[in-house]
Amino acid sequence: MAIKTKALLVLSLLLLVATCMQYCVNGEQQVPCFFIFGDSLSDNGNNNNLQTQAKSNYNPYGIDFPNGPTGRFSNGRVTVDYLAEFLGFEESVPPYANTSGSDILKGVNYASGAAGILSESGKHLGDNIHLEKQLRNHRVIYSKIVKKLGGSKKAKEYLNKCLYYVNIGSNDFINNFFLPQLYSSSRTFTLERYTNLLIKKLSENIEELHESGARKVVLVGLGALGCIPRFAMNGSCVDEFNEAAFVFSNKLNSQVNTFNYKFPDSNFNFINSSDALDLGQFGFTVLDTPCCPTRDDGQCVPNGTPCQNRNEYVFYDEFHITEAVHRLIAIGSYNQIKPLIQH
Ligand SMILES: *[C@@H]1O[C@H](CO)[C@@H](O)[C@H](O)[C@H]1NC(C)=O
Ligand SMILES: *[C@@H]1O[C@H](CO)[C@@H](O)[C@H](O)[C@H]1NC(C)=O
Ligand SMILES: *[C@@H]1O[C@H](CO)[C@@H](O)[C@H](O)[C@H]1NC(C)=O
């Protein structure tokens, strides 16, 4: 463990909040649909009916969300909720687990808490919808869209204009590689080879998305895994975890360049989640202690009383950031995505 204060938490936030006001509030929907793939940073209810510990459809999750607990791993909204809003959507993108009563032509959220790129990641917590399964679910939605629009050519023309957001990989480290007592991957692979394997798998899935019409794709790098309260002790981050996130993100960034070269008909966009950001400047005062009382597994204790000043906390439980941080990330991300949606 390195002695390194966490005054700088590491997050994606390139432009100032003020900039957002000029662009974020814009009634018109900027893309016809928004598809989301990922883990608990993006999940909005897909784990609710799974056999797993990785659920958040109970109090005090959702305490600041209009409908209460929904399966979002936060006190309120998550990044993709804000992104949908900034993109001009009237509502958040529905979870795949419940698209009833919603228009799938506007997009679907496939993200699942504890899920990784590898099917085994996170499985000690129970079931999850790993990336390949998320793609399988997307195939179901794709077929429905083909039917609705009258053929695959029309469907693809439509989907060409949509935004695809993929934010996954943390669980392949914190719920796999760095749990050697439960997973053998760190004995089988070096970090370098393991990361190559992750990028290769991720790329295969992205290529499938491209085949089914995706042309505007955002790929998100990993944040500072070693600085989350579950692992960081006494204000010092775990260097080894941050190093893994750094290696993964660098490779992902290169892969995005490769995709842009390989698919000149498309725009792939890498979002760096590790840009240093002085959260103190945004009014955060508690950088390393979770807002809610937590169970042994790091999630909020059911019905536990969370902190009052939630806008000052970076973390809600031992793993997951608060709504206030999600919002800042969404603003930074939106500013990076903008050129791609206007293209
Ligand atoms: C499913 O979504 C609909 C419409 O958004 C909502 O009214 C309903 O409560 C949801 N059902 C479940 C089980 O979450
Ligand atoms: C954290 O700090 C406390 C008090 O300074 C000390 O007792 C404890 O051993 C430290 N823990 C670690 C893991 O460094
Ligand atoms: C992301 O940003 C950090 C901090 O500015 C930088 O060190 C790193 O190289 C960037 N990563 C990539 C893949 O661009």
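Keep in mind the model is a prediction, meaning the values are calculated, not measured. By convention here, the first residue in the shown sequence is residue 1.
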* To do: Supply the atom-to-atom distance Y183 OH to F173 CZ, rounded to the nearest 0.5 angstrom.
  => 14.0 Å
* **Under-2.5 Å SG separation for cysteines C307, C292** => no
* To do: Look at the aromatic rings of F241 and F231 and report parallel, tilted or perpendicular, splitting at 30° and 60°.
  => perpendicular
* Asked: Which distance, rounded to the nearest 0.5 Å, do you find between the CG of N128 and the OG of S119?
  -> 9.0 Å
* Heavy-atom count around N67 CG within 6.0 Å, excluding the residue itself: above 12? -> yes
* Structure fact -> For G107 and F35 the tightest heavy-atom approach is CA-CE2, 3.6 Å
* Asked: Of the non-hydrogen atoms in S170 and L225, which two are nearest, and what is the gap between them?
  -> OG-CD2, 3.6 Å
* Asked: Distance-only, no hydrogens or angles: does the Q29 side chain make a donor-acceptor pair with backbone N or O of G88 under 3.5 Å?
  -> no
* To do: Decide whether R72 and S74 meet the rule of one side-chain donor and one side-chain acceptor closer than 3.5 Å.
  => no
* Do the non-hydrogen side-chain atoms of I206 and Q255 ever get within less than 4.5 Å of each other? -> no
* **Joint hydrophobic cluster, V80 plus I331, side-chain heavy atoms closer than 4.5 Å** => yes
* Asked: Can the ring centres of Y82 and H326 be said to be less than 6.0 Å apart?
  -> no
* To do: Verify the distance criterion only: is there a donor paired with an acceptor across the side chains of D317 and T294 at less than 3.5 Å?
  => no
* Asked: Backbone N or O of C300 within a donor-acceptor pair of the Y61 side chain at under 3.5 Å?
  -> yes
* **Shortest non-hydrogen separation from A155 to Y142 and the atoms involved** => CB-CE1, 4.5 Å
* To do: Could you tell me if the ring centre of F319 sits under 6.0 Å from that of F73?
  => no
* With the side chain counted from C-beta on, respond yes when L163 and L340 share a heavy-atom pair under 4.5 Å apart, and no when they do not. => yes
* Give a yes or no answer on whether the side chain of T190 reaches the backbone of R193 with a donor-acceptor pair at less than 3.5 Å. => yes
* Step-by-step salt bridge (charged side-chain N to carboxylate O under 4.0 Å, His left out) determination, E192 to K251 -> CA-CA 10 Å; E192 182 72 16; K251 288 183 194 289; 2.7 Å; yes
* Structure fact -> To the nearest 0.5 Å, atom CG of N137 lies from atom CZ of F37 at 9.0 Å
* Group every Ile, Leu, Val, Met, Phe, Trp and Tyr by side-chain heavy-atom contacts under 4.5 Å, then state whether I199 and F189 land in the same group. => yes
* Side-chain heavy atoms under 4.5 angstrom apart, residues restricted to Ile, Leu, Val, Met, Phe, Trp, Tyr: same cluster for I168 and L50? -> no
* Structure fact -> Separation between OH (Y96) and CG (N109), nearest 0.5 Å, reads 13.0 Å
* **Close side-chain approach of E240 and F178, heavy atoms under 4.5 Å** => yes
* Asked: Is the backbone of A97 close enough, under 3.5 Å, to the side chain of N46 for a donor and an acceptor to pair up by distance?
  -> yes
* Side-chain H-bond candidate by donor/acceptor type, S112 with N47, under 3.5 Å -> yes
* To do: Would you check if L135 and L209 make a side-chain contact, meaning some heavy-atom pair closer than 4.5 Å?
  => yes
* Are I104 and K144 close enough that some pair of their side-chain heavy atoms sits under 4.5 Å apart? -> yes
* E157 atom CD, neighbour heavy-atom count above 12 within 6.0 Å -> yes
* Looking at E91 and K106, does any basic side-chain N land under 4.0 Å from a carboxylate oxygen? -> no
* D265 pairs by salt bridge (charged side-chain N to carboxylate O under 4.0 Å, His left out) with which of K156, R215, K216? -> R215
* Spell out, yes or no, whether L328 and V286 are grouped together once hydrophobic residues are joined by side-chain heavy atoms under 4.5 Å, including indirect joins. => no
* Asked: In terms of side-chain heavy atoms, does S42 have a donor or acceptor partner in N167 at a distance below 3.5 Å?
  -> no
* Locate the shortest heavy-atom distance separating I129 from Q134; write the atom from each residue and the value. => O-NE2, 2.8 Å
* **Reported OG1-to-CG distance for the pair T258 and N253, which is rounded to 0.5 angstrom** => 9.5 Å
* Give the intermediate values and the outcome of side chain to side chain contact (heavy atoms under 4.5 Å, CB included) for residues E323 and Y316. => CA-CA 8 Å; E323 171 180 81; Y316 196 55; over 6 Å; no
* Atom of D172, atom of S121 and distance for their closest heavy-atom approach -> OD1-OG, 2.6 Å
* Which heavy-atom pair separates S102 from P94 by the least distance, and what is that distance? -> OG-CG, 3.3 Å
* Backbone N or O of V78 within a donor-acceptor pair of the D81 side chain at under 3.5 Å? -> yes
* To do: Evaluate the ring planes of H138 and Y164, with Trp represented by its six-membered ring, and classify them as parallel (under 30°), tilted (30 to 60°) or perpendicular (over 60°).
  => perpendicular
* Any donor-acceptor N/O pair, N260 side chain to F268 backbone, under 3.5 Å -> yes
* Asked: Hey, are the side chains of L83 and Y334 touching, using non-hydrogen atoms and a 4.5 Å cut-off?
  -> yes
* To do: For S273 and G221, indicate whether the former's side chain and the latter's backbone hold a donor-acceptor pair under 3.5 Å.
  => yes
* Asked: Out of curiosity, does V301 fall in the hydrophobic cluster containing Y58 (side-chain heavy atoms, cut-off under 4.5 Å, transitive links)?
  -> no
* Quick one: are the ring centres of F259 and H210 less than 6.0 Å apart? -> no
* Structure fact -> To the nearest 0.5 Å, atom CD1 of I271 lies from atom CG of N335 at 10.0 Å
* Backbone N/O of N48 and side chain of K55: donor-acceptor pair under 3.5 Å -> yes
